[in-house]
Amino acid sequence: MTSERALAGLDLLATAVIALDAGFAVCLVNTAAEHLFSLSSKAARGQPLARLFEEGRELEARLHAAFDETAGFWEQSATLTPIGREPVHVNLLASPLEADGIAVLLEIRPIEKRLRVEREEQLASLSQANRELIRNLAHEIKNPLGGLRGSAQLLERELAERPELREYTQVIIKEADRLQLLMDRLLTPSRLPHIGPVNIHEVCERVRSLVLAEFPQGVEIRRDYDTSLPDLTGDREQLIQVVLNVTRNAAQALAAAPAAGRPARPEIVLRTRVVRQATLHRRRYRLALELAVIDNGPGVPSAIADRIFNPLVSGREGGSGLGLTIAQTYVQHHHGIIECESQPGRTMFRVVLPVGANGTGGDKP
(Lines give C-alpha, C1' and ligand atoms only; values in the text may rest on other atoms or scores of the structure.)
Protein backbone atom coordinates (compact mmCIF):
# COMPACT_ATOMS: atom_id res chain seq x y z
CA MET A 1 0.00 0.00 0.00
CA THR A 2 1.50 3.34 -1.00
CA SER A 3 2.02 6.10 1.53
CA GLU A 4 -0.41 8.39 -0.28
CA ARG A 5 -3.19 5.79 -0.18
CA ALA A 6 -2.41 4.98 3.45
CA LEU A 7 -2.68 8.63 4.44
CA ALA A 8 -5.37 9.76 2.02
CA GLY A 9 -7.80 10.38 4.87
CA LEU A 10 -5.54 13.11 6.31
CA ASP A 11 -7.00 15.61 3.84
CA LEU A 12 -10.31 15.26 5.63
CA LEU A 13 -8.84 16.42 8.96
CA ALA A 14 -9.13 19.97 10.27
CA THR A 15 -5.74 19.48 11.99
CA ALA A 16 -2.67 20.41 9.93
CA VAL A 17 -0.51 17.34 9.24
CA ILE A 18 2.88 16.98 7.56
CA ALA A 19 4.23 13.47 6.87
CA LEU A 20 8.00 12.95 6.66
CA ASP A 21 10.19 10.10 5.44
CA ALA A 22 13.14 8.60 7.35
CA GLY A 23 15.39 11.45 6.20
CA PHE A 24 12.83 14.01 7.40
CA ALA A 25 11.92 15.10 3.89
CA VAL A 26 8.26 15.91 3.20
CA CYS A 27 6.09 13.13 1.82
CA LEU A 28 2.70 14.76 2.22
CA VAL A 29 1.13 18.04 3.34
CA ASN A 30 -2.59 17.83 4.01
CA THR A 31 -5.07 20.53 3.02
CA ALA A 32 -5.22 22.08 6.51
CA ALA A 33 -1.41 22.44 6.57
CA GLU A 34 -1.45 23.97 3.07
CA HIS A 35 -3.87 26.64 4.28
CA LEU A 36 -2.08 27.21 7.61
CA PHE A 37 1.37 27.78 6.09
CA SER A 38 0.40 28.87 2.55
CA LEU A 39 2.29 25.86 1.20
CA SER A 40 1.69 23.80 -1.90
CA SER A 41 1.73 20.07 -1.17
CA LYS A 42 3.08 19.37 -4.64
CA ALA A 43 5.93 21.90 -4.32
CA ALA A 44 6.76 20.83 -0.75
CA ARG A 45 6.98 17.11 -1.52
CA GLY A 46 10.55 15.83 -1.29
CA GLN A 47 11.83 19.04 0.34
CA PRO A 48 13.72 18.94 3.67
CA LEU A 49 12.18 20.91 6.53
CA ALA A 50 15.00 23.47 6.37
CA ARG A 51 13.78 24.58 2.94
CA LEU A 52 10.24 25.10 4.15
CA PHE A 53 10.66 26.60 7.64
CA GLU A 54 13.19 28.93 9.26
CA GLU A 55 13.30 26.55 12.24
CA GLY A 56 13.63 23.48 10.00
CA ARG A 57 17.18 22.54 10.99
CA GLU A 58 16.42 22.85 14.70
CA LEU A 59 13.27 20.77 14.25
CA GLU A 60 15.23 18.09 12.35
CA ALA A 61 17.76 17.97 15.21
CA ARG A 62 14.95 17.48 17.73
CA LEU A 63 13.43 14.74 15.59
CA HIS A 64 16.79 12.96 15.36
CA ALA A 65 17.24 13.11 19.13
CA ALA A 66 13.69 11.92 19.80
CA PHE A 67 13.67 9.06 17.32
CA ASP A 68 17.10 7.84 18.40
CA GLU A 69 15.18 6.91 21.55
CA THR A 70 12.23 5.61 19.48
CA ALA A 71 9.91 8.24 20.96
CA GLY A 72 7.99 11.26 19.75
CA PHE A 73 7.56 14.60 21.46
CA TRP A 74 4.92 17.22 22.20
CA GLU A 75 5.82 20.91 22.19
CA GLN A 76 3.52 23.68 23.28
CA SER A 77 3.88 27.27 22.10
CA ALA A 78 6.32 26.46 19.30
CA THR A 79 6.95 28.76 16.33
CA LEU A 80 7.11 27.65 12.70
CA THR A 81 8.06 30.31 10.16
CA PRO A 82 7.48 29.44 6.49
CA ILE A 83 10.34 30.88 4.43
CA GLY A 84 9.51 34.48 3.57
CA ARG A 85 6.28 34.57 5.59
CA GLU A 86 5.04 35.56 9.03
CA PRO A 87 5.70 33.15 11.94
CA VAL A 88 2.89 30.85 13.01
CA HIS A 89 2.54 29.98 16.71
CA VAL A 90 1.52 26.36 17.14
CA ASN A 91 1.30 23.31 19.35
CA LEU A 92 3.33 20.52 17.74
CA LEU A 93 3.10 16.74 18.13
CA ALA A 94 5.71 14.54 16.43
CA SER A 95 4.87 10.83 16.28
CA PRO A 96 6.76 7.87 14.78
CA LEU A 97 4.72 6.05 12.14
CA GLU A 98 5.21 2.69 10.52
CA ALA A 99 3.75 3.16 7.05
CA ASP A 100 5.16 2.62 3.58
CA GLY A 101 7.70 5.42 3.12
CA ILE A 102 6.45 7.39 6.14
CA ALA A 103 8.56 7.63 9.30
CA VAL A 104 7.20 10.71 11.10
CA LEU A 105 3.84 12.40 11.39
CA LEU A 106 3.74 16.05 12.49
CA GLU A 107 0.38 17.17 13.86
CA ILE A 108 0.20 20.95 14.10
CA ARG A 109 -2.48 22.97 15.84
CA PRO A 110 -2.32 26.77 15.56
CA ILE A 111 -2.57 28.74 18.78
CA GLU A 112 -5.51 31.11 18.61
CA LYS A 113 -4.26 34.52 17.50
CA ARG A 114 -6.67 36.32 19.80
CA LEU A 115 -5.34 34.38 22.81
CA ARG A 116 -1.78 35.27 21.82
CA VAL A 117 -2.64 38.96 21.43
CA GLU A 118 -4.44 38.97 24.78
CA ARG A 119 -1.39 37.36 26.39
CA GLU A 120 0.89 40.01 24.83
CA GLU A 121 -1.37 42.75 26.17
CA GLN A 122 -1.47 41.15 29.61
CA LEU A 123 2.34 40.95 29.68
CA ALA A 124 2.64 44.56 28.51
CA SER A 125 0.23 45.71 31.22
CA LEU A 126 2.08 43.71 33.89
CA SER A 127 5.39 45.09 32.66
CA GLN A 128 4.08 48.66 32.92
CA ALA A 129 2.82 48.04 36.47
CA ASN A 130 6.15 46.50 37.46
CA ARG A 131 8.06 49.45 36.02
CA GLU A 132 5.94 51.95 37.94
CA LEU A 133 6.36 49.99 41.17
CA ILE A 134 10.12 49.62 40.75
CA ARG A 135 10.55 53.26 39.72
CA ASN A 136 8.67 54.52 42.78
CA LEU A 137 10.61 52.15 45.02
CA ALA A 138 13.93 53.28 43.53
CA HIS A 139 13.10 56.94 44.14
CA GLU A 140 12.18 56.17 47.75
CA ILE A 141 15.46 54.31 48.31
CA LYS A 142 17.73 56.88 46.61
CA ASN A 143 16.92 59.72 49.02
CA PRO A 144 17.95 58.05 52.32
CA LEU A 145 20.81 56.32 50.50
CA GLY A 146 22.49 59.66 49.77
CA GLY A 147 22.16 60.65 53.42
CA LEU A 148 23.58 57.31 54.55
CA ARG A 149 26.64 57.67 52.33
CA GLY A 150 27.21 61.30 53.38
CA SER A 151 26.99 60.40 57.06
CA ALA A 152 29.53 57.59 56.57
CA GLN A 153 31.96 60.03 54.92
CA LEU A 154 31.60 62.50 57.80
CA LEU A 155 32.10 59.71 60.32
CA GLU A 156 35.24 58.62 58.48
CA ARG A 157 36.69 62.13 58.83
CA GLU A 158 35.91 62.17 62.55
CA LEU A 159 37.71 58.83 62.93
CA ALA A 160 40.86 60.03 61.13
CA GLU A 161 42.94 59.24 64.24
CA ARG A 162 41.66 55.66 64.34
CA PRO A 163 42.50 54.19 60.93
CA GLU A 164 41.57 50.66 62.09
CA LEU A 165 37.89 51.74 62.04
CA ARG A 166 38.09 53.09 58.46
CA GLU A 167 37.39 49.56 57.17
CA TYR A 168 33.84 49.75 58.53
CA THR A 169 33.01 53.16 57.08
CA GLN A 170 34.38 52.01 53.72
CA VAL A 171 32.01 49.03 53.78
CA ILE A 172 29.06 51.43 54.29
CA ILE A 173 30.25 53.76 51.49
CA LYS A 174 30.91 50.94 48.99
CA GLU A 175 27.58 49.24 49.68
CA ALA A 176 25.80 52.59 49.32
CA ASP A 177 27.53 53.09 45.96
CA ARG A 178 26.52 49.61 44.85
CA LEU A 179 22.88 50.24 45.77
CA GLN A 180 23.03 53.65 44.07
CA LEU A 181 24.18 51.96 40.85
CA LEU A 182 21.35 49.45 41.14
CA MET A 183 18.80 52.24 41.64
CA ASP A 184 20.18 54.08 38.59
CA ARG A 185 19.73 50.94 36.50
CA LEU A 186 16.15 50.61 37.71
CA LEU A 187 15.40 54.22 36.74
CA THR A 188 17.28 54.28 33.42
CA PRO A 189 14.65 52.49 31.28
CA SER A 190 12.22 55.39 31.82
CA ARG A 191 14.30 57.47 29.36
CA LEU A 192 12.43 57.85 26.09
CA PRO A 193 14.26 56.77 22.92
CA HIS A 194 16.34 59.15 20.78
CA ILE A 195 15.01 58.36 17.33
CA GLY A 196 17.18 57.95 14.24
CA PRO A 197 18.02 55.42 11.51
CA VAL A 198 19.48 52.16 12.87
CA ASN A 199 21.05 49.29 10.95
CA ILE A 200 20.22 46.16 12.95
CA HIS A 201 23.28 44.31 11.63
CA GLU A 202 25.60 47.06 12.90
CA VAL A 203 23.89 46.60 16.28
CA CYS A 204 24.43 42.83 16.12
CA GLU A 205 28.09 43.21 15.13
CA ARG A 206 28.72 45.62 18.01
CA VAL A 207 27.15 43.18 20.46
CA ARG A 208 29.00 40.23 18.95
CA SER A 209 32.37 41.94 19.43
CA LEU A 210 31.51 42.91 23.03
CA VAL A 211 30.37 39.42 24.04
CA LEU A 212 33.31 37.68 22.33
CA ALA A 213 35.68 40.02 24.19
CA GLU A 214 33.96 39.12 27.47
CA PHE A 215 33.90 35.38 26.69
CA PRO A 216 37.03 34.86 24.55
CA GLN A 217 36.99 31.08 24.89
CA GLY A 218 34.33 28.44 24.64
CA VAL A 219 31.42 30.32 23.02
CA GLU A 220 30.94 30.71 19.27
CA ILE A 221 28.61 33.43 17.96
CA ARG A 222 27.35 32.63 14.48
CA ARG A 223 25.68 35.11 12.13
CA ASP A 224 22.58 34.31 10.10
CA TYR A 225 21.59 37.66 8.61
CA ASP A 226 19.05 38.69 6.00
CA THR A 227 21.12 41.47 4.42
CA SER A 228 18.13 42.81 2.47
CA LEU A 229 16.57 44.24 5.64
CA PRO A 230 16.08 48.03 5.61
CA ASP A 231 17.13 50.29 8.47
CA LEU A 232 14.94 50.65 11.53
CA THR A 233 13.79 53.95 12.98
CA GLY A 234 14.77 53.81 16.62
CA ASP A 235 17.28 54.45 19.39
CA ARG A 236 20.58 52.78 18.52
CA GLU A 237 21.90 52.69 22.09
CA GLN A 238 18.70 51.17 23.47
CA LEU A 239 18.67 48.50 20.76
CA ILE A 240 22.32 47.67 21.44
CA GLN A 241 21.39 47.25 25.11
CA VAL A 242 18.48 44.93 24.20
CA VAL A 243 20.62 42.63 22.06
CA LEU A 244 23.55 42.81 24.49
CA ASN A 245 21.44 41.87 27.53
CA VAL A 246 19.89 38.87 25.77
CA THR A 247 23.14 37.68 24.14
CA ARG A 248 25.17 38.10 27.33
CA ASN A 249 22.55 36.08 29.24
CA ALA A 250 22.92 33.30 26.67
CA ALA A 251 26.73 33.38 26.93
CA GLN A 252 26.59 33.31 30.73
CA ALA A 253 24.18 30.36 30.66
CA LEU A 254 26.51 28.44 28.33
CA ALA A 255 29.60 29.29 30.37
CA ALA A 256 27.93 28.30 33.66
CA ALA A 257 26.39 25.06 32.37
CA PRO A 258 27.63 21.96 34.23
CA ALA A 259 29.89 19.65 32.25
CA ALA A 260 27.15 17.02 31.91
CA GLY A 261 24.71 19.51 30.37
CA ARG A 262 27.21 21.58 28.40
CA PRO A 263 27.03 21.17 24.59
CA ALA A 264 30.14 19.97 22.76
CA ARG A 265 30.17 23.22 20.78
CA PRO A 266 28.53 26.04 22.78
CA GLU A 267 26.95 28.30 20.19
CA ILE A 268 24.83 31.44 19.94
CA VAL A 269 23.14 32.35 16.67
CA LEU A 270 22.16 35.94 15.82
CA ARG A 271 19.45 35.62 13.15
CA THR A 272 17.56 38.38 11.35
CA ARG A 273 14.53 37.97 9.10
CA VAL A 274 11.85 40.13 7.55
CA VAL A 275 8.24 39.66 8.73
CA ARG A 276 5.41 40.86 6.52
CA GLN A 277 1.97 41.88 7.74
CA ALA A 278 2.90 41.65 11.44
CA THR A 279 0.46 42.50 14.22
CA LEU A 280 2.16 44.11 17.23
CA HIS A 281 0.07 45.37 20.16
CA ARG A 282 -3.09 45.28 18.01
CA ARG A 283 -1.50 47.45 15.34
CA ARG A 284 -0.86 46.06 11.88
CA TYR A 285 2.48 46.71 10.16
CA ARG A 286 3.18 45.91 6.54
CA LEU A 287 6.83 45.28 7.35
CA ALA A 288 8.61 44.27 10.55
CA LEU A 289 12.01 42.92 11.52
CA GLU A 290 12.62 39.76 13.52
CA LEU A 291 15.84 39.34 15.48
CA ALA A 292 16.33 35.95 17.12
CA VAL A 293 19.08 35.12 19.63
CA ILE A 294 19.32 31.32 19.76
CA ASP A 295 21.62 29.29 22.01
CA ASN A 296 22.13 25.56 22.56
CA GLY A 297 22.53 25.84 26.33
CA PRO A 298 20.60 24.18 29.16
CA GLY A 299 17.50 26.37 28.78
CA VAL A 300 15.58 28.65 31.13
CA PRO A 301 14.78 26.98 34.49
CA SER A 302 11.14 25.90 34.42
CA ALA A 303 10.53 27.53 37.83
CA ILE A 304 11.04 31.02 36.36
CA ALA A 305 10.10 30.45 32.71
CA ASP A 306 6.88 32.47 33.01
CA ARG A 307 8.55 35.28 34.99
CA ILE A 308 11.87 35.91 33.28
CA PHE A 309 10.93 39.43 32.18
CA ASN A 310 9.84 40.43 35.69
CA PRO A 311 12.22 42.66 37.68
CA LEU A 312 14.68 40.96 40.04
CA VAL A 313 13.97 37.44 38.66
CA SER A 314 17.18 35.65 37.71
CA GLY A 315 18.14 32.04 37.06
CA ARG A 316 21.82 32.76 37.65
CA GLU A 317 23.51 33.02 41.03
CA GLY A 318 24.60 36.61 41.54
CA GLY A 319 22.39 37.94 38.74
CA SER A 320 20.46 41.18 39.32
CA GLY A 321 17.39 40.08 37.35
CA LEU A 322 17.25 43.44 35.54
CA GLY A 323 18.75 42.65 32.13
CA LEU A 324 15.63 41.16 30.54
CA THR A 325 13.35 43.69 32.25
CA ILE A 326 15.34 46.53 30.69
CA ALA A 327 15.36 44.73 27.33
CA GLN A 328 11.57 44.36 27.42
CA THR A 329 11.12 48.03 28.33
CA TYR A 330 13.31 49.21 25.45
CA VAL A 331 11.56 46.89 22.98
CA GLN A 332 8.19 48.29 24.08
CA HIS A 333 9.56 51.83 23.60
CA HIS A 334 9.97 50.79 19.95
CA HIS A 335 6.39 49.37 19.75
CA GLY A 336 7.77 45.85 19.42
CA ILE A 337 7.52 42.57 21.30
CA ILE A 338 10.06 40.23 22.89
CA GLU A 339 9.27 36.63 23.73
CA CYS A 340 11.12 33.49 24.75
CA GLU A 341 10.83 29.82 23.85
CA SER A 342 13.08 27.48 25.78
CA GLN A 343 13.82 23.82 26.25
CA PRO A 344 17.10 22.04 27.08
CA GLY A 345 19.39 22.38 24.09
CA ARG A 346 17.59 25.30 22.44
CA THR A 347 16.55 28.67 23.82
CA MET A 348 15.33 31.42 21.49
CA PHE A 349 14.64 35.03 22.39
CA ARG A 350 12.66 36.59 19.56
CA VAL A 351 12.40 40.36 19.12
CA VAL A 352 9.97 41.74 16.53
CA LEU A 353 10.16 45.46 15.71
CA PRO A 354 8.18 47.49 13.17
CA VAL A 355 10.22 48.96 10.31
CA GLY A 356 9.46 52.65 9.73
CA ALA A 357 6.13 54.36 10.35
CA ASN A 358 4.24 51.78 8.33
CA GLY A 359 1.47 50.83 10.71
CA THR A 360 -1.99 50.57 9.22
CA GLY A 361 -3.47 51.47 12.58
CA GLY A 362 -5.79 49.69 14.93
CA ASP A 363 -6.22 46.48 12.97
CA LYS A 364 -7.82 43.86 15.17
CA PRO A 365 -6.74 40.24 14.78
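Side-chain contact check for His201 and Thr272: at least one donor-acceptor pair (N or O, by modelled atom type) lies under 3.5 Å.
Side-chain atoms of Glu107 never come within 3.5 Å of backbone atoms of Leu93 as a donor-acceptor pair (strictly under, hydrogens ignored). Checking side-chain atoms of Ser342 against main-chain N and O of Val300 turns up a donor-acceptor pair under 3.5 Å. Using modelled atom types, no side-chain atom of Asn30 and backbone atom of Ala19 make a donor-acceptor pair closer than 3.5 Å. Of the possible polar contacts, none joining the Arg45 side chain to the Leu28 backbone as a donor-acceptor pair under 3.5 Å is found.
When every heavy atom of Val293 is checked against every heavy atom of Ile268, the shortest pair comes out as CG1-CG2, 3.9 Å. Closest of all the heavy-atom pairs between Ala253 and Pro298 is O-CD, 3.9 Å. Nearest heavy-atom pair across Thr347 and Gly299 is OG1-CA, 3.2 Å. The minimum heavy-atom distance linking Gly336 with Leu280 is given by the pair CA-CD1, 4.4 Å. Here the closest non-hydrogen pair linking Asp235 and Glu237 is OD1-N, 3.0 Å. The nearest pair of heavy atoms linking Ala25 to Gly46 is CB-O, 3.9 Å.
Criterion: ILVMFWY side-chain heavy atoms under 4.5 Å apart, direct or through other members. Under it, Val269 and Ile338 are not part of a common hydrophobic cluster. Hydrophobic clustering (ILVMFWY, side-chain heavy atoms < 4.5 Å, transitive): Ile173 and Val171 are in distinct clusters. Val351 and Ile221 fall within a single hydrophobic cluster, where Ile, Leu, Val, Met, Phe, Trp and Tyr are joined by side-chain heavy atoms under 4.5 Å apart, directly or via other members. Under the 4.5 Å side-chain heavy-atom criterion for grouping Ile, Leu, Val, Met, Phe, Trp and Tyr, Val90 is connected to Val26 within one hydrophobic cluster. Val274 and Met348 sit in two unconnected hydrophobic clusters of ILVMFWY residues. Membership requires side-chain heavy atoms under 4.5 Å apart, directly or through other members.
The shortest side-chain heavy-atom distance between Leu59 and Phe53 does not fall under the 4.5 Å cut-off. Considering only heavy atoms from C-beta on, Ile18 comes within 4.5 Å of Ile108 through its side chain. You'll find the side chain of Tyr225 reaches within 4.5 Å of the side chain of Leu270, heavy atoms only. Between Arg51 and Ile83 there is no side-chain heavy-atom pair separated by less than 4.5 Å. A 4.5 Å side-chain heavy-atom check between Thr31 and His35 finds at least one atom pair inside the cut-off. Side-chain contact between Ile294 and Glu58: present, with at least one pair of heavy atoms (C-beta onward) separated by less than 4.5 Å. The closest side-chain heavy-atom distance from Leu20 to Leu63 is below 4.5 Å. Using a 4.5 Å heavy-atom cutoff, the side chains of Asn296 and Leu254 are in contact.
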Next on the checklist: Using the rule given for salt bridge (Lys or Arg N to Asp or Glu O under 4.0 Å), can you reason through Glu220 versus Arg265, listing the C-alpha separation, both sets of side-chain angles and the distance that settles it, and then say yes or no?
Outcome noted: CA-CA 8 Å; Glu220 178 185 353; Arg265 291 184 57 189; 2.8 Å; yes

Checklist entry - Given the rule in the side chain to side chain contact (heavy atoms under 4.5 Å, CB included) test, do Arg346 and Arg62 qualify, once you have shown the distances and angles that lead to the verdict? => result CA-CA 10 Å; Arg346 186 178 189 272; Arg62 288 206 66 197; 5.7 Å; no

Checklist entry - Would Val211 and Val219 count as a side chain to side chain contact (heavy atoms under 4.5 Å, CB included) if you check the C-alpha gap in whole Å, the side-chain angles of each, and the deciding distance to 0.1 Å? => result CA-CA 9 Å; Val211 174; Val219 177; 5.7 Å; no

Next on the checklist: Please determine whether side chain to side chain contact (heavy atoms under 4.5 Å, CB included) holds for the pair Glu205 and Arg208, giving the CA-CA distance in whole Å, both sets of side-chain angles, and the decisive distance to 0.1 Å.
Outcome noted: CA-CA 5 Å; Glu205 287 301 296; Arg208 184 174 183 272; 4.1 Å; yes

Item to check | side chain to side chain contact (heavy atoms under 4.5 Å, CB included) evaluation trace for Val29 with Leu52 | outcome: CA-CA 12 Å; Val29 177; Leu52 299 180; 5.6 Å; no

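Looking at Asp231, Ile200, Leu287, Val275 one by one, the single match for side chain to side chain contact (heavy atoms under 4.5 Å, CB included) with Val355 turns out to be Leu287.
Here the CD atom belonging to Glu55 is positioned 12.0 Å from the CD atom belonging to Glu60, to the nearest 0.5 angstrom. In this structure, the separation between CD on Glu214 and CG on Leu244 is 7.5 Å, given to the nearest 0.5 Å. A distance of 10.0 Å separates CG in Leu232 from CD1 in Ile195, rounded to the nearest 0.5 Å. If you take CD on Glu290 and CD1 on Ile337, they are separated by 9.0 Å, rounding to the nearest 0.5 Å. Remark: Arg271 CZ to Arg222 CZ distance equals 10.0 Å, nearest 0.5 Å. Interatomic distance, Asp177 CG to Gln170 CD, rounded to the nearest 0.5 Å: 9.0 Å.
Through ILVMFWY side-chain contacts below 4.5 Å, Leu154 is grouped with nothing and stands alone.
Legend: residues meeting side-chain hydrogen bond (donor to acceptor under 3.5 Å, both in side chains) with Glu54, ordered by chain and number and at least two apart, are Arg273. With sequence neighbours excluded, no residue satisfies salt bridge (Lys or Arg N to Asp or Glu O under 4.0 Å) with Arg236.
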